[in-house]
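Values in this document were obtained by computation on a predicted structure and should not be read as measured data. By convention in this document, chain letters (A, B, ...) are assigned in the order of the sequence lines, proteins followed by strands, and residues within each chain are numbered from 1. The figures that follow rest on heavy atoms only: side chains count, while hydrogens, waters and symmetry mates do not.
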Protein chains: 2
Amino acid sequence: MRKSGFRNGIGGDQVECAHGELPYRIGDKWTAHVLRALQGGRRRFTELRAGLPGVTAKVLTETLRAMEREGAVSREAFAENPPRVEYELTARGRKLLGLLDLCCDWARENLVET
Amino acid sequence: MRKSGFRNGIGGDQVECAHGELPYRIGDKWTAHVLRALQGGRRRFTELRAGLPGVTAKVLTETLRAMEREGAVSREAFAENPPRVEYELTARGRKLLGLLDLCCDWARENLVET
DNA sequence: CCGCATCCTTTAGGATACTG
DNA sequence: CAGTATCCTAAAGGATGCGG
């Protein structure tokens with residue numbers, strides 16, 4: 001059984017547009033928001049958290065870890081005190097953001113009429 | 001707080017591409033598959049079920065009911081014995097399918113390289 | 001055949017407290 | 001500051017059985 005290019009959201013598996021194993025999480029609650037937040041460039045954990053009202057540290061961490069595993073963001077930790085960690089979109093992350101933009105364009109064009 | 005054009009999948013709420021209240025379910029487990037299955041035209045319940053291995057009657061019914069509420073499919077029941085029910089994409093359903101196609105195109109172009 | 005009712009498991013996600 | 005560790009709830013989804 002083939003898999004779609006998304007880990008969840010839009011299809012699960014077995015949808016035709018499948019391409020091996022390239023799980024991209026985008027349909028969960030926070031990934032899209034993180035992509036947006038990182039659109040402007042490198043951000044540290046606290047900045048992300050402040051820009052995403054409602055997210056808890058636990059869930060934000062989980063989201064970022066997943067995105068890192070999937071190659072959408074890069075993580076850099078500095079051995080300072082107090083610690084500092086910065087996140088940045090990778091090329092793949094920027095591509096994901098491109099898809100998100102496509103979806104938003106589509107919505108703008110098609111969902112306006114009731 | 002603004003809402004995105006999707007009920008779940010891709011962002012929840014608060015994503016920029018918001019347009020009032022147009023809840024379209026697409027990020028759940030089966031909606032995208034149903035859209036594909038109805039791409040070829042009108043299908044009856046049993047056909048859909050057979051074409052979606054793994055789905056239970058309960059969940060397929062729930063999915064179709066939700067899609068019907070959201071105006072993505074139309075449902076026609078025939079008062080025969082045994083009963084027959086047919087589903088078909090509406091114009092809005094075809095538009096949703098268009099979005100799904102966009103996403104698949106995107107995946108085809110961008111997610112092939114590991 | 002279609003699909004509702006019931007029960008159950010799994011998972012996402014939130015609340016809170018604590019630590020290097 | 002940037003997280004882990006626990007615990008908890010709600011919701012999605014699966015299993016099974018019944019009914020018009």
Closest heavy-atom pair, A:His33 versus A:Leu52, reported as atoms and distance to 0.1 Å, is CB-CD2, 3.6 Å
I need the CZ-P distance between A:Arg65 and C:dG13, as an integer number of Å.
17 Å
Regarding A:Tyr87, tell me which of base, sugar-phosphate or nothing describes its non-hydrogen contacts under 4.0 Å with the strands shown.
sugar-phosphate
Atom CZ of B:Arg75 to atom C1' of C:dC1: distance rounded to whole Å?
12 Å
B:Arg43 and B:Tyr87 side chains, donor-acceptor separation under 3.5 Å:
no
Minimum side-chain heavy-atom gap B:Trp30-B:Glu62 below 4.5 Å:
no
Of the listed nucleotides (C:dG3, D:dG3, C:dC1), which one gets closest to any side-chain atom of B:Pro82?
C:dC1
Using a cut-off of 4.0 Å between protein heavy atoms and nucleotide atoms, how would you tag nucleotides 13-20 of chain D 5' to 3' with B, S and -?
BBB----B
For B:Glu80 and C:dG3, give me the distance from atom CD to atom P, rounded to whole Å.
13 Å
Any carboxylate oxygen within less than 4.0 angstrom of a Lys/Arg side-chain nitrogen, looking at A:Asp101 and A:Arg94?
no
Atom pair distance, as rounded to whole Å: CG in A:Leu48 and P in D:dC1
14 Å
State which residues pass salt bridge (charged side-chain N to carboxylate O under 4.0 Å, His left out) with A:Glu47; sequence neighbours excluded, sorted by chain then number.
none
Side chains of B:Asn110 and A:Leu99, heavy atoms from C-beta outward: is any pair under 4.5 Å?
no
How long is the line joining CZ of B:Arg44 and P of C:dC1, in whole Å?
8 Å
Whole angstroms only, please: what is the CG-P distance between A:Leu52 and D:dG3?
14 Å
Just how far, in rounded Å, is P of C:dC1 from CD of B:Glu86?
15 Å
Want to know the stems of DNA chain C: at least 3 consecutive Watson-Crick or G-U pairs with distances under 3.5 Å, which are they?
C:1-20 with D:1-20
So among A:Arg44, A:Arg75, A:Arg42, which one has a salt bridge (charged side-chain N to carboxylate O under 4.0 Å, His left out) with A:Glu86?
A:Arg42
Any side-chain heavy-atom pair from B:Leu89 and B:Leu96 closer than 4.5 angstrom?
no
Between C1' on C:dC4 and CD on B:Glu68, what's the gap in Å once rounded to a whole number?
15 Å
I want to check something: taking the side chain as every heavy atom from C-beta on, are A:Val73 and A:Arg92 in contact at a cut-off of under 4.5 Å?
no
